[in-house]
Amino acid sequence: MGNPNSLKQEFLKKWIKGLQICSATKKKMSIMERKKAIKLSADIAMASTRKSTIYWSHALMKNASKDDTNKIIIKNILGSNDDDDDNNNNNNNFKKASMGIYNSMSQNGIIRSKKIIKKSCKISRRARKITSPNIIAKKMMKKRTKVLKSLVPGGEYMDDASLIKETLDYIISLRLQVDVMRHLANNGSCEINDPKTNL
């Protein structure tokens, strides 16, 4: 995954940049709008610090880019270089990579779904006769996998093996995000409570 400290620094830079862009686009925000802006900029910053081969980061970016105002934030966070050509190349690479991932996943998903339907019909016929512990375990695993797929961005398009890998990477990234936010909040509260800073 790389050096955690450099990832934290990169995340923090991109998150602050996203917050600055959000505050510049709208001066007066309600509490809910601020909450959304913080979450959006944190999600985009987190996804942009990951490798381009990670599916959940592409799914997160794609979901965020559905809104036009979010596209501005995404473009500014992804385009960290000042050259317009580099920004266009980064955005084009992101679009190509995400489209390739979704196209290949959806084609494989159609084939797999037909196999799943055939297997479930066979299982349902057997289940009428005998309910074995194996069948119960498989049903529980399917339910839990379905829940996991709904939690990980882009998880609904992944097979089980990819889902596990992506989930682990997503958990590590979320933990990194929480660590940075906790550190920032602790430093902010120390400065407020420190009597020396009030002078």
Side chain to side chain, [X] and [Y], heavy atoms closer than 4.5 Å:
X    : Y    : value
R50  : W56  : yes
M158 : V152 : yes
T145 : M141 : yes
I171 : T167 : yes
Y170 : I54  : no

Go through the structure and list residues passing salt bridge (Lys or Arg N to Asp or Glu O under 4.0 Å) with [X], not counting sequence neighbours.
X   : answer
E10 : K14
K35 : none
K71 : D68

OG/S48 to CE/M61 distance, rounded to the nearest 0.5 angstrom? 5.0 Å
How far does CD1 of I44 sit from SG of C22, to the nearest 0.5 angstrom?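 So the CD1 of I44 and the SG of C22 are separated by 7.5 Å.
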Would D160 and K149 count as a side chain to side chain contact (heavy atoms under 4.5 Å, CB included) here? Give the steps. CA-CA 9 Å; D160 292 347; K149 285 183 177 191; 4.1 Å; yes
For [X] versus [Y], what's the shortest heavy-atom pair and its separation?
X    : Y   : result
M181 : A42 : CE-CB, 3.4 Å
S23  : M29 : CA-CE, 4.0 Å
A47  : S57 : O-CB, 3.5 Å

Please check: side-chain N/O of E166 versus main-chain N/O of L163, any donor-acceptor pairing under 3.5 Å? no
Is a side-chain donor-acceptor pair under 3.5 Å present for H183 with D179? no
For I31, look at atom CD1 and say whether over 12 heavy atoms of other residues, nucleotides or ligands are found less than 6.0 Å away.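 Check fails, neighbour count at 12 or below.
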L40 and its side-chain contact (heavy atoms from CB on, under 4.5 Å) partner, picked from N70, L19, D67, I74: N70
With Q177, the side-chain contact (heavy atoms from CB on, under 4.5 Å) member among T49, D43, L7: D43
Is it true that K165 and D169 have a side-chain N and a carboxylate O under 4.0 angstrom from each other?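 No, this pair does not count.
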Should I38 and V178 be counted in the same cluster of Ile, Leu, Val, Met, Phe, Trp and Tyr side chains packed under 4.5 Å apart?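 Different hydrophobic clusters.
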